Amino acid sequence: MPAPTYTAQRPTGAFIGASWAALLVGAVVYLMGLWNAQMLLNEKGYYFTLLMYGLFSAVSLQKSVRDRIEGIPVTGIYYSLCWVSLGIAVLLLTVGLWNATLAASEKGFYAMAFLLALFGAVAVQKNIRDVAQFKGSQPDEAAAE
């Protein structure tokens with residue numbers, strides 16, 4: 001079965017800006033919450049590590065999915081590990097917040113900021129790849145002159 005073709009389309013400036021805003025707002029607000037939280041340093045480290053792990057696993061999964069769509073080989077084990085890794089990051093955050101001695105509003109704050117940052121990371125990765133692919137598919141203006 002031939003690999004599906006993927007037509008490069010440049011994302012709009014508004015979507016690029018919204019993606020970066022989602023990533024930055026989600027991550028910065030999450031980190032500000034950690035900075036101001038009345039919890040032990042090891043707890044802060046746990047939640048910080050989960051954010052970094054979640055962001056990396058989300059971007060890695062997005063890249064793997066996109067590679068497969070574009071016909072770039074991705075091993076099944078790596079593809080599966082990306083899904084499992086993202087699931088573990090979300091599960092660990094859920095378990096950590098479930099057992100935390102935080103107000104329900106604080107738990108919701110961390111969960112929503114985490115998910116917003118993950119969404120933003122995936123969207124930013126997609127936009128970066130789309131722009132690079134779009135530039136690669138367009139003839140250089142300098143060469144045309």
Side-chain angles (χ1 to χ4, degrees), residues 1-140:
M1 184 167 121
T5 58
Y6 183 79
T7 306
Q9 293 185 9
R10 183 164 179 37
T12 65
F15 185 66
I16 291 171
S19 300
W20 276 103
L23 172 60
L24 294 174
V25 168
V28 169
V29 166
Y30 183 96
L31 293 172
M32 284 174 51
L34 279 183
W35 182 266
N36 293 314
Q38 297 298 315
M39 58 177 74
L40 298 174
L41 191 56
N42 64 335
E43 289 178 278
K44 290 181 179 187
Y46 173 79
Y47 290 112
F48 174 76
T49 302
L50 281 180
L51 178 64
M52 296 299 109
Y53 177 41
L55 291 173
F56 179 80
S57 62
V59 168
S60 187
L61 176 61
Q62 192 279 340
K63 182 182 181 335
S64 298
V65 168
R66 180 73 174 263
D67 283 352
R68 282 188 160 195
I69 289 171
E70 293 177 2
I72 300 170
V74 176
T75 62
I77 189 72
Y78 186 78
Y79 184 72
S80 299
L81 283 172
C82 289
W83 275 108
V84 168
S85 188
L86 182 61
I88 288 171
V90 173
L91 179 67
L92 286 172
L93 181 75
T94 302
V95 170
L97 290 176
W98 184 270
N99 292 308
T101 56
L102 299 170
S105 60
E106 290 176 292
K107 292 178 182 184
F109 165 85
Y110 284 112
M112 294 310 296
F114 183 81
L115 293 174
L116 181 62
L118 292 186
F119 169 78
V122 168
V124 166
Q125 161 65 14
K126 179 199 174 303
N127 290 338
I128 288 171
R129 190 153 171 174
D130 285 346
V131 168
Q133 190 172 31
F134 181 78
K135 286 180 180 177
S137 69
Q138 301 297 314
D140 283 339

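Just so it is clear, the structure is predicted and the values come from calculations on it, not from any experiment.
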What is the distance from atom [atom1] of [X] to atom [atom2] of [Y], rounded to the nearest 0.5 Å?
X     : Y      : atom1 : atom2 : result
Lys44 : Gln38  : NZ    : CD    : 7.0 Å
Leu23 : Asn127 : CG    : CG    : 11.0 Å
Ile88 : Leu93  : CD1   : CG    : 13.5 Å
Trp83 : Ser64  : CH2   : OG    : 10.5 Å
Leu86 : Leu91  : CG    : CG    : 11.0 Å

Between [X] and [Y], what is the shortest heavy-atom contact and its length?
X      : Y      : answer
Leu118 : Val90  : CD1-CG2, 4.3 Å
Ile16  : Pro11  : CD1-O, 3.9 Å
Ala89  : Gly54  : CB-CA, 3.8 Å
Ser85  : Ser57  : OG-CB, 3.4 Å
Gly33  : Phe109 : CA-CE2, 3.8 Å

Under the side chain to side chain contact (heavy atoms under 4.5 Å, CB included) rule, what do Val29 and Leu116 come out as? Steps first, then yes or no, please.
CA-CA 10 Å; Val29 166; Leu116 181 62; over 6 Å; no
Can you run down the ring-ring contact (aromatic ring centres under 6.0 Å, His included) pairs that involve residues 30-67, sequence neighbours left out, and say none if there aren't any?
Tyr30-Tyr110
Any [X] side-chain heavy atom under 4.5 Å of [Y] side chain:
X      : Y     : answer
Lys63  : Val74 : no
Arg129 : Asp67 : yes
Val131 : Arg10 : yes

Does a sphere of radius 6.0 Å around CG in Leu40 hold more than 12 heavy atoms from other residues, nucleotides or ligands, not counting ones at 6.0 Å or beyond?
yes
In terms of heavy-atom contacts, does CE of Met112 have more than 12 from other residues, nucleotides or ligands at under 6.0 Å?
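No, the 6.0 Å shell around CE holds no more than 12 heavy atoms from other groups.
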Report the C-alpha separation of Leu34 and Met39 in whole Å, then their side-chain angles, then the decisive distance to 0.1 Å, and conclude whether the side chain to side chain contact (heavy atoms under 4.5 Å, CB included) test is met.
CA-CA 8 Å; Leu34 279 183; Met39 58 177 74; 4.3 Å; yes
ring-ring contact (aromatic ring centres under 6.0 Å, His included) partners of Phe114, counting only residues at least two apart:
none
Any sub-3.5 Å donor-acceptor pair from Lys107's side-chain atoms to Ala100's backbone N or O?
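Here the side-chain-to-backbone pair exists.
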Can you list the steps and then say if Val122 with Leu61 is a side chain to side chain contact (heavy atoms under 4.5 Å, CB included)?
CA-CA 9 Å; Val122 168; Leu61 176 61; over 6 Å; no
By side chain to side chain contact (heavy atoms under 4.5 Å, CB included) - contacts of Val59 (at least two apart):
Ala121, Gln125
Take Arg68 and Val65 through the side chain to side chain contact (heavy atoms under 4.5 Å, CB included) test and state the conclusion after the steps.
CA-CA 5 Å; Arg68 282 188 160 195; Val65 168; 6.0 Å; no
